[in-house]
Amino acid sequence: MQPYKPDNTFDKLVSLCKRRGFVFQSSEIYGGVGSTWDYGPLGVELKNNVIRAWWRAVVYDRDDMDGLDSAILMNRLVWQYSGHEATFTDPLVDCKSCKKRFRADHVTGPRCPECGGELTAPRMFNGMFRTHVGPVEDESGLTYLRPETAQGIFVNFLNILQSSRRKLPFGVAQVGKAFRNEITPGNFTFRTREFEQMEIEYFCKPPRFLKEGEKSDEQLHEEWLQARFRWYVGLGIDPARLRQREQEPKELAHYAKRTVDIEYLFPGSLGWSEIEGVANRQDYDLTAHSRDVPDDALARLKLARNGHSTEKLEYYDESYADPQTGKKGAKYVPFVIEPSAGATRATLAFLCEAYWEEQLSAPAEEAVAPLREAAAAALRNIAKRIAEAEKRPAEAVPTPEQLRAIESALAAAVAGLPDSLLSFDGACGLPGADRLDLVKKARAACARLCDEHTRVVLRLHPALAPVTAAVLPLKKNEPAIVETAQRVKKLLQADFRAVYDDTAGIGKLYRRQDEIGTPFCLTVDFQTLQDGTVTVRDRDTMSQQRCAIDGLAGLLRSRIAGWPAPAVRQENA
RNA sequence: GCGGGUGUAGUUCAGUGGUAGAACGUCAGCUUCCCAAGCUGAAUAUUGUGGGUCCGAUUCCCAUCACCCGCUCCA
């Protein structure tokens, strides 16, 4: 039966994350603290694997990249000259009648542009967390928790250039925490005040210094965009839920020549949302942090003169020859392509993408009969509610549209019984359904059957899965089997995250691993004791093959390396 | 920050002005040679937090915190 992604996948994922140890609310025992989350035993494995896969793809698998890990605390002047002190401190005004909020510089005049109501006085909002370096809390020690990791790369440009002996074009990758005092955090880990970025600053020649056959900043921008898009697809994101969105000229940051967002279609109300932005920042940042910049360059980039920096962040290009004079060599500020991804956002996207429910067997007709009755009663009630709601559609809760959606989904699910348990449950969980007592009753009747006949499976790419292999004894009261299984686990732990579990029957052990996305379950049985082979069970297809214990590591490695896209696995299942 | 909603066991949810139940999950033992089987037993909730009304509040009221939805903002 077809895998199923319920409409309330997001809610189900949140509780799975808590239940299984992926994500916990921070400081929970003290009532929590707004929009901060902790990654549990499985969550930290997943997030680390996302970061590791990214680092491998953008550093190890290329010839033109190095890494960096710069400090979270930096000199306040970094944020002054980067422009963050100015742009992260926006005066905001509220309308007293319609309660809408606007940036003060976007409003002309003293009235609300929407309703003409009276506006409050502008109030300052600082998006950066302030902190003090040193024991005295005065202005002299003031600085900020970094709102992006990028600046650490820019201010280290000369250090990296000298120590790595790089030639343009080359790039620097960095992973780390960043902090923004969001006005409106929310959507679980999607928008948080503390988050983790995976950023690349890729330095290249400005257009006028290009030689014949060299790639322009625009070409490199496009190449990075496609490479980053492919990365998500290669790790299992369905391209149908991934898109590139060109930023409109008016939403472009002032330093950007072009920015394309990579957006993922999250379930529920979040919908299409940015998980990475690929920007062409031109020579803005390196120039901003340079001393002795000519006035015409400052004017072009709308920058103030930098009276504090001790360096000019330039590149000396030995191979350049002036086309007019033939003079060799040139000094210039490189352009920058910035693929800036959210590690925590990507982790959430991979989780959403991986979440599937599957019905594995059909319940007997007599077990389904109560479900049909409950649904029939609920449908009669909904028809009545629709008639009532249509008399006063404006104030009806649920709305007529919600009621009709529940009605049609529920009717379709009943028609599909006994194979449509999941869509039955899904219909009962649609928005507004929690207000309908008879629907809740029908859902309760369905819950037991769902429990018995369905499974939850995280179809994570094996490179991302928190556990790669679970070693399970078929019988736990058979010492030879248990000992062998424990030995197999020890054998594999050198190469993979492997676990051993014997605390339930084999069926339950499989389901547990399915729910946390473990791609391989290795089962030690009686045949193992005779011929030294175990069964390797595939998470997605539930199919099994036998493999000698000695060959396990090799088999897993090759299965992971050749891991096909989810759609392909679906067809072959 | 504004408006609406929610907050009861690990999770999903019942329930009541007289100190809380279920299902699943978890743990232990028995049993079981392949997909949440069965049997026996166990642990887990000062009903988000603080205050008020009341003889008595989880239930009513107020405040606060957190989460969700919608604005606003945003990489």
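Below, read A as the first sequence line, B as the second, and so on, with proteins coming before strands; counting in each chain starts at 1. Worth saying up front: this structure is predicted, and the values here are computed from it rather than measured.
To the nearest whole angstrom, the two P atoms, one in B:C61 and one in B:G1, are 24 Å apart. Rounded to whole Å, the P atom of B:U46 lies 12 Å from the corresponding atom of B:U8. Atom P of B:C2 sits at a distance of 46 Å from the matching atom of B:A43, rounded to the whole Å. Comparing B:G5 with B:A9, their C1' atoms are spaced 24 Å from each other, to the whole Å. With both ends at atom C1', the span from B:G10 to B:G3 equals 33 Å, rounded to whole Å. Of the C1' atoms belonging to B:U26 and B:G17, the separation is 35 Å, rounded to the nearest Å. Taking atom C1' in both B:C24 and B:A37, one finds a spacing of 16 Å when rounded to whole Å. On the C1' atoms, B:G21 is 30 Å away from B:U31, given to the nearest whole Å.
Residue contacts for A:D514: at a heavy-atom cut-off of 4.0 Å it reaches no nucleic acid atom on any strand shown. Using a 4.0 Å heavy-atom criterion, one finds that A:Q544 contacts the bases of the nucleic acid, with or without backbone contacts as well. Nucleic acid contact for A:S35: sugar-phosphate only, since backbone atoms but no base atoms lie under 4.0 Å from a heavy atom of the residue. Heavy atoms of A:Y30 sit nowhere under 4.0 angstrom from any nucleic acid atom. Residue A:R537 is classed as a base contact, given a heavy-atom separation below 4.0 Å to a base. Here A:T523 lies in heavy-atom contact (under 4.0 Å) with a base. Here A:K18 lies in heavy-atom contact (under 4.0 Å) with sugar-phosphate atoms only.
Between B:A66, B:U32, B:C69, one nucleotide has an atom nearer to the side chain of A:N477 than all others, and that is B:U32. Taking only side-chain atoms of A:R19, from C-beta outward, the nucleotide of B:U32, B:C68, B:G10 with the closest atom is B:G10. In the set B:U12, B:C34, B:A28, B:U12 carries the atom at the smallest distance from any side-chain atom of A:S15. Of the listed nucleotides (B:C34, B:C27, B:C33), B:C33 has the atom at the smallest distance from the side chain of A:K475.
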- Message: For RNA chain B, please output the secondary structure as dot-bracket, reading 5' to 3'. Pairs are Watson-Crick or G-U wobble, both atom distances under 3.5 Å; mark crossing pairs with [ ], other-strand partners with |, unpaired with a dot.
- Response: (((((((..((((....[..)))).(((((.......))))).....(((((..]....))))))))))))....

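Nucleotides of RNA chain B nearest to A:L270 and A:M542 differ in position, and the one nearer the 5' end is that of A:M542. Summary of the strand contacts: A:V524 and A:T503 both lie near RNA chain B, and taking for each the nucleotide with the nearest heavy atom, the more 5' one is attributed to A:T503.
Counting heavy atoms from C-beta on, the side chains of A:I481 and A:L529 come closer than 4.5 Å. Residues A:R512 and A:T503 are in side-chain contact: their nearest non-hydrogen atoms beyond the backbone lie under 4.5 Å apart.
The separation between A:L522 atom CG and B:C35 atom C1' is 15 Å, rounded to whole Å. Atom CG of A:D501 and atom C1' of B:U26 are 12 Å apart (whole Å). Atom CD in A:E478 sits roughly 9 Å away from atom P in B:C33 (whole-Å rounding). In this structure, A:N8 atom CG and B:C69 atom P are separated by 12 Å, rounded to whole Å. The distance from atom CD1 of A:I29 to atom C1' of B:G10 is 16 Å, rounded to the nearest whole Å. Rounded to whole Å, the distance from CD on A:E515 to C1' on B:U11 is 10 Å. As a whole-Å value, the separation of A:D525 CG from B:C34 P is 10 Å. Rounded to whole angstrom, the span from the CZ atom of A:R193 across to the P atom of B:C73 amounts to 17 Å.
For A:W37 and A:F24, the gap between ring centers reaches or exceeds 6.0 Å. Taking the six-membered ring for Trp and the full ring otherwise, the centers of A:F190 and A:F188 sit at least 6.0 Å from each other.
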- Message: Using side-chain contact (heavy atoms from CB on, under 4.5 Å), reason through A:D538 and A:Q545 one step at a time and then give a plain yes or no.
- Response: CA-CA 9 Å; A:D538 181 278; A:Q545 68 180 113; over 6 Å; no

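For the pair A:R537 and A:Y510, the cation sits on the ring face: its NZ or CZ lies under 6.0 Å from the ring centre, inside 45° of the axis. At least one test fails for A:R146 against the ring of A:Y144: distance under 6.0 Å to the centre or angle within 45° of the axis. In this structure, A:R245 fails the cation-pi test against A:W272, since its NZ or CZ atom is not both closer than 6.0 Å to the six-membered ring centre and inside 45 degrees of the ring normal. Remark: A:K47 is positioned above the aromatic ring of A:Y39, its terminal NZ or CZ atom under 6.0 angstrom from the ring centre and at most 45 degrees off the axis.
Checked options A:T523, A:D525, A:T535; the residue passing with A:R546 is A:D525 (criterion: side chain to side chain donor-acceptor pair (under 3.5 Å)).
Taking only side-chain nitrogens and oxygens, A:K508 never comes nearer than 4.0 Å to OP1 or OP2 of B:C24. Between A:S269 and the phosphate of B:G70, there is a side-chain N or O to OP1/OP2 separation shorter than 4.0 Å. Within the 4.0 Å cut-off from OP1 or OP2 of B:A36, at least one side-chain nitrogen or oxygen of A:R511 is found. At the phosphate of B:C13, neither OP1 nor OP2 sits under 4.0 Å from any side-chain N or O atom of A:R443.
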